[in-house]
Amino acid sequence: MAKLVPQNHPVLHTTAVEVTPEEFSNGTVTKLIKDMRQALHGYSVDGFTAVAIAAPQIGVGKRVFIIEDQSKDRDALPSFVAINPQIVKFSKKTHEVGEGCLSIPEYYGLVKRSTNVTLKAQDEQGNWFERGAGNLLAQIIQHEYDHLDGILFTDRATKVWHKDELKKEKKTTEQQERLEMRK
């Protein structure tokens with residue numbers, strides 16, 4: 001079973017290479033996607049599940065990512081595989097959003113992302129498709145695309161917190177709210 005590589009693994013800091021036509025036909029793509037799905041579905045830290053993964057996160061320097069929301073929510077994200085993706089359009093409008101990463105599970109951060117993007121990529125059979133995405137889906141696409149260029153969210157973050165800092169901050173906020181309610 002494929003496992004996530006540690007944050008300092010060289011493949012996470014290197015530009016991934018494109019999937020070739022031969023890799024579509026010889027079963028390499030099918031195996032890679034199966035391995036990525038196993039790693040994605042096997043991830044659970046502090047009760048959180050994963051929604052996306054890029055091939056470099058399992059040590060494979062190929063330009064592939066998967067988005068697969070495992071929640072049973074009606075508003076679940078669409079699931080798809082993006083092979084040899086290109087972000088062909090970024091909106092001028094941006095926002096700062098919170099991010100975490102399977103490869104850096106101890107940290108969270110604020111990252112400036114475009115609110116909308118247009119993605120062009122190949123599916124599992126090698127057919128090209130194009131789709132637009134906004135808000136959370138656009139953020140995830142940009143995050144996963146960064147992995148393919150050897151960029152981690154901490155490289156882009158304007159602020160990074162260790163998860164223990166967030167827990168401490170949350171506890172302090174809850175205590176302050178209780179005190180306010182007593183007044």
Side-chain angles (χ1 to χ4, degrees), residues 1-40 42-43 50-68 77 79-92 94 96-133 136-160:
M1 181 170 132
K3 295 196 186 299
L4 294 169
V5 297
Q7 174 186 351
N8 61 354
H9 194 288
V11 77
L12 289 175
H13 305 279
T14 305
T15 301
V17 297
E18 288 198 353
V19 172
T20 65
E22 294 79 29
E23 290 170 318
F24 279 102
S25 62
N26 70 14
T28 300
V29 169
T30 302
K31 182 180 181 337
L32 176 57
I33 291 168
K34 180 182 176 196
D35 289 347
M36 290 171 66
R37 280 194 173 114
Q38 284 179 336
L40 182 74
Y43 181 86
V51 296
I53 190 169
Q57 293 180 275
I58 62 166
V60 179
K62 288 291 182 177
R63 296 190 75 78
V64 180
F65 68 78
I66 295 172
I67 296 177
E68 200 165 281
L77 296 165
S79 294
F80 63 92
V81 174
I83 301 170
N84 298 328
Q86 304 158 23
I87 299 178
V88 295
K89 186 175 181 186
F90 291 89
S91 66
K92 289 180 183 168
T94 62
E96 233 179 16
V97 289
E99 286 192 14
C101 181
L102 307 180
S103 299
I104 315 172
E106 298 293 312
Y107 291 89
Y108 300 96
L110 283 177
V111 181
K112 187 176 180 180
R113 299 284 189 193
S114 292
T115 55
N116 294 284
V117 296
T118 301
L119 178 75
K120 181 179 177 184
Q122 291 173 280
D123 64 17
E124 294 174 70
Q125 290 73 44
N127 300 312
W128 286 96
F129 68 91
E130 193 170 299
R131 69 160 300 140
L136 180 59
L137 184 57
Q139 176 187 355
I140 293 167
I141 288 170
Q142 291 168 83
H143 177 105
E144 298 308 323
Y145 190 84
D146 276 352
H147 274 299
L148 306 182
D149 287 337
I151 300 168
L152 298 175
F153 85 91
T154 50
D155 298 329
R156 292 198 185 274
T158 56
K159 184 163 184 179
V160 176

Show me the donor-acceptor pairs within less than 3.5 Å that the side chains of residues 9-17 make with the rest of the protein, sequence neighbours left out.
| from | atom 1 | to | atom 2 | distance (Å) |
| --- | --- | --- | --- | --- |
| His9 | ND1 | Val11 | N | 3.1 |
| His13 | NE2 | Gln7 | O | 2.8 |
| Thr14 | OG1 | Pro10 | O | 2.8 |

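- Put simply, the side chain of Phe80 reaches to within 4.5 Å of the side chain of Leu119, judged on heavy atoms.
- Two residues are said to be in side-chain contact when any heavy atoms from C-beta on lie closer than 4.5 Å; Glu144 and Gln57 meet this criterion.
- Considering every non-hydrogen atom in both Gly100 and His143, the closest pair reads O-CE1, 3.4 Å.
- Partner Ile67 forms a side-chain contact (heavy atoms from CB on, under 4.5 Å) with one of Leu137, Val81, Leu40, Ile53 and no other, that one being Leu137.
- Two residues are said to be in side-chain contact when any heavy atoms from C-beta on lie closer than 4.5 Å; Asp149 and Arg63 meet this criterion.
- In this structure, Asn84 contributes its side chain and Val19 its backbone to a donor-acceptor pair below 3.5 Å.
- Side-chain contact between Leu148 and Pro56 is present, with heavy atoms from C-beta onward closer than 4.5 Å.
- Val29 pairs with exactly one of Asn26, Leu32, Ile33 by the side-chain contact (heavy atoms from CB on, under 4.5 Å) rule, that one being Ile33.
- Taking CD1 of Ile66 as the start and CD1 of Ile83 as the end, the distance is 8.5 Å to the nearest 0.5 Å.
- Across all non-hydrogen atoms, the minimal contact from Trp128 to Gln86 is CH2-NE2, 3.8 Å.
- Side chain of Ser91 to backbone of Ser114: no donor-acceptor contact under 3.5 angstrom is found.
- The two residues Lys62 and Ala55 make their nearest non-hydrogen contact at O-CB, 3.4 Å.
- Scanning both residues, Ala82 and Pro85, for their nearest heavy atoms gives O-CD, 4.0 Å.
- Taking CE from Met36 and CZ from Phe65, the interatomic distance works out to 9.0 Å, rounded to the nearest 0.5 Å.
- Residues satisfying the side chain to side chain contact (heavy atoms under 4.5 Å, CB included) test with Val97, not counting sequence neighbours, are His95, Glu99, Arg113, Gln139.
- Pairing each heavy atom of Gly98 with each of Leu110, the nearest pair is N-CD2, 4.0 Å.
- Arg37 pairs by the salt bridge (Lys or Arg N to Asp or Glu O under 4.0 Å) definition with Glu68, Glu124, not counting sequence neighbours.
- Gln142 places a side-chain N or O within donor-acceptor distance of the main-chain N or O of Ala138, the cut-off being under 3.5 Å.
- The shortest non-hydrogen separation linking Phe153 to Gly109 is CE1-N, 3.4 Å.
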